[in-house]
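Note sheet for the following structure.
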There are 2 protein chains.
Amino acid sequence: MTIRQVSEKYGISQDTLRYYEKMGMIPPVTRTAGGIRDYQESDLGWVELAICLRNAGMSVEAMVEYVRLHRQGDSTMRARLELLQKQRQAIVERRERIDHALERLDHKIHIYEEAVENGELTWGQNCSKENGGK
Amino acid sequence: MTIRQVSEKYGISQDTLRYYEKMGMIPPVTRTAGGIRDYQESDLGWVELAICLRNAGMSVEAMVEYVRLHRQGDSTMRARLELLQKQRQAIVERRERIDHALERLDHKIHIYEEAVENGELTWGQNCSKENGGK
DNA sequence: CCTTGACTTGGAGTGGACTTAAAGAAGTAT
DNA sequence: ATACTTCTTTAAGTCCACTCCAAGTCAAGG
């Protein structure tokens, strides 16, 4: 699979794919005799993982470290496990913050919906209180 | 409340608080006669809202727009409601991506835990398959 | 052989969100 | 009053994660 096809498959730019590889976020991609990237299944697996974890806000740096350990073989398994657990924790915290914001936003939206329905004017003095929830 | 106290209360730097205000992410903060920031309850409400929504990944730009509308009064209520709904949607999508990554991460962690328990070596050939679990 | 177009590289540029620096004014302790 | 701390401002700097560019290479069609 060419870089163009991979780029289209995952909706990510070719530049970004090259960037991921250059940084070491994924191991070196398989090449043709002429040196052109020819993504194999395993390469795609890494690309998918990278996209997935980046989507969750994991840093490039952490991914690079994970790949570095991975390439050093079985002896780094424990270290990799710890890295993943730590990242998991960070992601869980991110989700908690998102949930918190969503609750707040939903509350606000609810108030606005009522206000808009009731003629947009029944709110006046409350307006200054803004963000009163909780 | 001084900027220092607010900074400590929310674990955010004084610089960031001034930055938020300068950008218009929060309305102008109350000042003393000498021009020094003296945060009132309502100012704190805005700060909290800003921190909360930034934590969820909402952009500075969107918050600025919201505040801008808010300061224009009741006539912008519908526009604000739409803005909030749109942001809500974006945040929900962010959470979905996070959930997806968490599932994947948990699967991976599970595999690593087993491998580490079983003596760190029972994995060998599987290693190349990496990320196989959908 | 020559052109076209997709690929290669290294390196510079961009955008968002802070963060730091520099210079000066105001409130507080002695 | 003098010194110290904490505030003020504007402007420049930093960090991250891309994103774009210039110059060059390679395979296929005419």
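In what follows, chains carry the letters A, B, and so on, assigned in the order in which the sequence lines appear, proteins first and then strands, with residues in each chain numbered from 1.
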Nucleotide nearest A/I3 when distance is taken to its side chain, options C/dC7, C/dT9, D/dA17: C/dC7
Please work out if A/R54 contacts a base, only the sugar-phosphate, or nothing of the nucleic acid, heavy-atom cut-off 4.0 Å. sugar-phosphate
Could you state the atom-to-atom distance from CD of B/Q14 to C1' of D/dT6 in whole Å? 8 Å
Reading DNA chain D from 5' onward, which residue's closest nucleotide shows up sooner: A/M58 or A/D15? A/M58
Which of the following nucleotides, D/dT9, D/dA17, C/dT19, is nearest to the side chain of B/R18? D/dT9
Closest to the 5' end of DNA chain C, once B/E61 and B/T32 are matched to their nearest nucleotides, is B/E61
Measure from the side chain of A/S13, starting at C-beta and using heavy atoms only, and say which of C/dC7, D/dT19, D/dC7 lies closest. D/dT19
Of all the choices, C/dC18, C/dT8, C/dA6, which nucleotide is nearest to the side chain of A/R4 once you look at every atom? C/dA6
Which residue pairs pass the salt bridge (Lys or Arg N to Asp or Glu O under 4.0 Å) test when at least one of the two sits in residues 81-94 of chain B, sequence neighbours left out? A/D106-B/R88
For the pair B/R95 and A/D99, find out whether any cationic side-chain nitrogen is under 4.0 Å from an anionic carboxylate oxygen. yes
Could you say whether A/I36 or A/T16 is positioned toward the 5' end of DNA chain D, judged by the nucleotide with the nearest heavy atom to each? A/T16
Whole Å only: how far is the CG atom of A/D38 from the C1' atom of C/dT8? 15 Å
Distance in angstrom units between A/L17 CG and D/dC20 C1', rounded: 16 Å
For the pair made of CD in A/E21 and P in D/dC18, what is the distance, rounded to whole Å? 15 Å
Quick one: sort the A/W46 and A/H70 rings into parallel, tilted or perpendicular, breaks at 30° and 60°. perpendicular
Under-4.0 Å side-chain N/O to phosphate OP1/OP2 contact, A/R31 with D/dT25: no
Which of these nucleotides, C/dC18, C/dT9, D/dC18, is closest to any side-chain atom of A/Y20? D/dC18
Pair A/Y112-B/R80, side-chain donor/acceptor within less than 3.5 Å: yes
What's the closest nucleotide to the A/K22 side chain, out of D/dA17, D/dT10, C/dG10? C/dG10
Which residue is it: A/M1, A/E21, A/Q14? I am looking for the one with a side-chain contact (heavy atoms from CB on, under 4.5 Å) to A/R37. A/E21
Measure CE/B/M25 against C1'/C/dG16 and give the value in whole Å, please. 12 Å
Distance check needed: D/dT10 P versus B/Y19 OH, whole Å only. 15 Å
Can you tell me how far C1' of C/dG16 sits from CE of B/M63, to the nearest Å? 15 Å
Contact under 4.0 Å: A/R37 side-chain N or O vs C/dT8 OP1/OP2: yes
Distance-only donor-acceptor check, side chains A/D43 and A/T30, under 3.5 Å: yes
Look at the side chain of A/T2 and decide which nucleotide, out of C/dT8, C/dG10, C/dC7, has an atom nearest to it. C/dC7
Find the distance B/M23:CE to D/dT10:C1' and express it as a whole number of Å. 12 Å
